[in-house]
Visitor: 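My questions will all concern the structure given below.
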Amino acid sequence: MASSAAAAAQAATPLLKDELDIVIPTIRNLDFLEMWRPFFQPYHLIIVQDGDPKKTIRVPEGFDYELYNRDDINRILGPRASCISFKDSACRCFGYMVSKKKYIYTIDDDCFVAKDPSGKDINALEQHIKNLLSPSTPYFFNTLYDPYRDGADFVRGYPFSLREGAPTAVSHGLWLNVPDYDAPTQLVKPLERNSRYVDAVMTIPKGTLFPMCGMNLAFDRDLIGPAMYFGLMGDGQPIGRYDDMWAGWCTKVITDHLGLGVKTGLPYIWHSKASNPFVNLKKEYNGIFWQEELIPFFQSASLPKEADTVQKCYLELAKQVRAKLGKVDGYFNKLADSMVTWIEAWDQLNPPKGAVATANGTAKSK
């Protein structure tokens with residue numbers, strides 16, 4: 001009896017309860033959390049408030065959370081706070097930096113619980129955790145998609161030497177209802193909604209880039225955290241709505257280099273609100289042109305063998321951004337500088353193990 005009671009108690013404990021933070025960027029009251037309460041309440045939330053720091057953000061009772069506004073970011077990072085975007089959801093990456101957990105799940109405040117085809121509520125967080133805790137297969141595509149799922153395996157002809165897979169660094173979830181379209185597509189398809197639920201998870205192959213959406217995303221902070229910089233976007237910048245794209249391109253180059261995997265597919269969330277396509281077009285305008293230069297840049301980016309940590313990889317990428325994309329527009333020189341500042345700020349708040357942070361942010365060995 002005792003053993004079955006212990007087993008039941010263990011089963012009731014949410015997965016990774018003490019190892020995962022949920023990061024939410026917002027400018028409004030977080031009433032949307034009521035719908036997520038059954039799934040999110042056991043976890044710690046990090047809320048990054050964008051916009052006016054004097055505005056009070058209401059969080060429903062019963063959630064364990066910490067909330068940071070712009071004043072807090074300036075106080076904690078000092079001059080390095082310049083790398084955190086303002087008036088843009090890219091500010092969420094400050095939450096990644098201050099977290100002390102191994103895993104991060106980030107979600108937008110206009111995303112609700114979706115239902116699977118049987119009508120059951122989807123526990124998005126649980127599926128992301130399953131994705132992160134099982135290996136990826138970036139080196140050889142399995143035609144049954146994720147071979148580590150129940151009821152699936154490696155197909156005939158899949159090399160046995162590759163069946164152990166690679167550690168999964170990123171789990172990229174999808175969305176029902178309002179699609180994640182750019183402004184031109186929104187304008188020509190204003191009423192389009194995604195009702196297509198595909199019950200699949202797959203690994204994005206090595207050498208293949210993808211458009212990463214930040215509204216339903218989880219990652220292993222220990223494996224890839226310092227690369228999850230959502231860029232310098234929004235207020236005062238000539239571009240917006242490319243923050244998660246930038247992080248995704250940088251991350252994919254680095255995961256490929258370090259032998260890590262990225263999964264996409266399940267879980268779905270319900271994206272409730274279409275943003276204004278005319279406002280979006282203004283934000284995206286430069287990006288629509290620039291991405292035609294950015295994609296070839298990332299496709300051809302190569303990192304040296306000496307770049308054996310995420311930080312070293314990211315600083316090398318910053319160097320290449322300055323050298324090659326600085327010619328496209330002066331903004332990219334500024335972005336390269338902020339990439340370096342981001343890594344300095346990350347190391348300031350996350351000193352290497354065996355070191356302690358000093359007042360000016362440098363690390364000294366114990």
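A quick note: this is a predicted structure, and the numbers were derived from the prediction, not measured.
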Visitor: What do you reckon, are the aromatic ring centroids of Tyr65 and His44 less than 6.0 Å apart?
Guide: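 Between Tyr65 and His44, the centre distance exceeds or equals 6.0 Å.
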Visitor: Name each donor-acceptor pair under 3.5 Å that joins a side chain in residues 155-164 to protein atoms two or more places apart or in another chain, with its distance.
Guide:
| from | atom 1 | to | atom 2 | distance (Å) |
| --- | --- | --- | --- | --- |
| Tyr158 | OH | Phe140 | O | 2.6 |
| Arg163 | NE | Tyr158 | O | 3.2 |
| Arg163 | NH2 | Tyr158 | O | 2.9 |

Visitor: How long is the span from the CZ atom in Arg80 to the CD1 atom in Ile343, to the nearest 0.5 Å?
Guide: 11.5 Å
Visitor: Would you please test Phe94 and Tyr68 for ring pair (Phe, Tyr, Trp, His ring centres under 6.0 Å) and show each step?
Guide: CA-CA 9 Å; Phe94 178 75; Tyr68 297 93; 5.3 Å; yes
Visitor: From Arg70 CZ over to Asp235 CG, what is the distance, rounded to the nearest 0.5 angstrom?
Guide: 9.0 Å
Visitor: Quick check: Trp246 with Phe298 (ring centres under 6.0 Å apart)?
Guide: yes
Visitor: For the residue pair Tyr148 and Asp153, confirm or rule out a side-chain donor-acceptor distance under 3.5 Å.
Guide: no
Visitor: Side chains of Ser272 and Asn177: do they bring a donor and an acceptor to under 3.5 Å?
Guide: no
Visitor: Are Asp182 and Gln186 linked by a side-chain donor-acceptor pair shorter than 3.5 Å?
Guide: no
Visitor: Answer whether the closest heavy-atom distance between the side chains of Val170 and Ile224 falls below 4.5 Å.
Guide: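 A side-chain contact under 4.5 Å exists here.
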Visitor: Do the side chain of Thr106 and the main chain of Leu217 share a donor and acceptor less than 3.5 angstrom apart?
Guide: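 No; judged by distance alone, with no hydrogens or angles, the pair does not exist.
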Visitor: Starting at CZ of Phe86, measure out to CG of Asn74 and round the result to the nearest 0.5 Å.
Guide: 8.5 Å
Visitor: Quick check: does any side chain N or O of His257 sit under 3.5 Å from a backbone N or O of Ala307, one acting as donor and the other as acceptor?
Guide: yes
Visitor: Rounded to the nearest 0.5 Å, how far apart are CD of Gln291 and OH of Tyr242?
Guide: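 Here the interatomic distance stands at 3.5 Å.
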Visitor: Indicate, with yes or no, if Val310 and Leu223 share a hydrophobic cluster defined by side-chain heavy-atom contacts under 4.5 Å among Ile, Leu, Val, Met, Phe, Trp and Tyr.
Guide: yes
Visitor: Any side-chain donor paired with an acceptor under 3.5 Å for Gln320 and Glu316?
Guide: yes
Visitor: Please identify which of these residues, Asp50, Asp108, Thr26, meets the side-chain hydrogen bond (donor to acceptor under 3.5 Å, both in side chains) condition with Arg92.
Guide: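 The side-chain hydrogen bond (donor to acceptor under 3.5 Å, both in side chains) with Arg92 is passed solely by Asp108 among Asp50, Asp108, Thr26.
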Visitor: Using 30° and 60° as the class limits, which term best fits the ring planes of Trp342 and Tyr229: parallel, tilted or perpendicular?
Guide: parallel
Visitor: If the threshold is 4.0 Å, N to carboxylate O, is there a salt bridge linking Lys206 and Asp256?
Guide: no
Visitor: Using a 3.5 Å distance criterion without hydrogens, assess whether the side chain of Asp220 forms a donor-acceptor pair with backbone atoms of Thr168.
Guide: no
Visitor: Taking Thr137's backbone N and O only, do any of them form a donor-acceptor pair with Thr203's side chain (distance below 3.5 Å, no angle check)?
Guide: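 Yes, Thr203 side chain to Thr137 backbone: donor-acceptor pair under 3.5 Å.
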Visitor: Could you check whether Phe230 and Tyr96 have their ring centres less than 6.0 Å apart?
Guide: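 Yes, the ring centres sit under 6.0 Å apart.
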Visitor: Is there a donor-acceptor pair under 3.5 Å between the side chain of Ser85 and the backbone N or O of Met233?
Guide: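 The answer is yes, because a donor-acceptor pair under 3.5 Å joins these two groups.
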Visitor: Are Tyr331 and Trp290 an aromatic pair by the rule of ring centers under 6.0 Å?
Guide: yes
Visitor: Where do Asp308 and Lys312 land on the salt bridge (charged side-chain N to carboxylate O under 4.0 Å, His left out) test, with the steps shown first?
Guide: CA-CA 7 Å; Asp308 55 2; Lys312 287 179 187 174; 3.0 Å; yes
Visitor: Can you confirm whether or not the ring centre of Tyr43 sits under 6.0 Å from the ring centre of Phe39?
Guide: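 No, too far apart.
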Visitor: Verify whether one side chain among Asn216 and His172 offers a donor that lies under 3.5 Å from an acceptor in the other.
Guide: no
Visitor: Does one side chain, of Asp180 or His271, offer a donor that lies under 3.5 Å from an acceptor on the other?
Guide: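 Result is no, nothing qualifies.
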Visitor: Is the distance between the ring centroids of Phe219 and Tyr103 less than 6.0 Å?
Guide: no
Visitor: Between atom CE of Met97 and atom CG of Leu349, what is the distance when rounded to the nearest 0.5 Å?
Guide: 6.0 Å
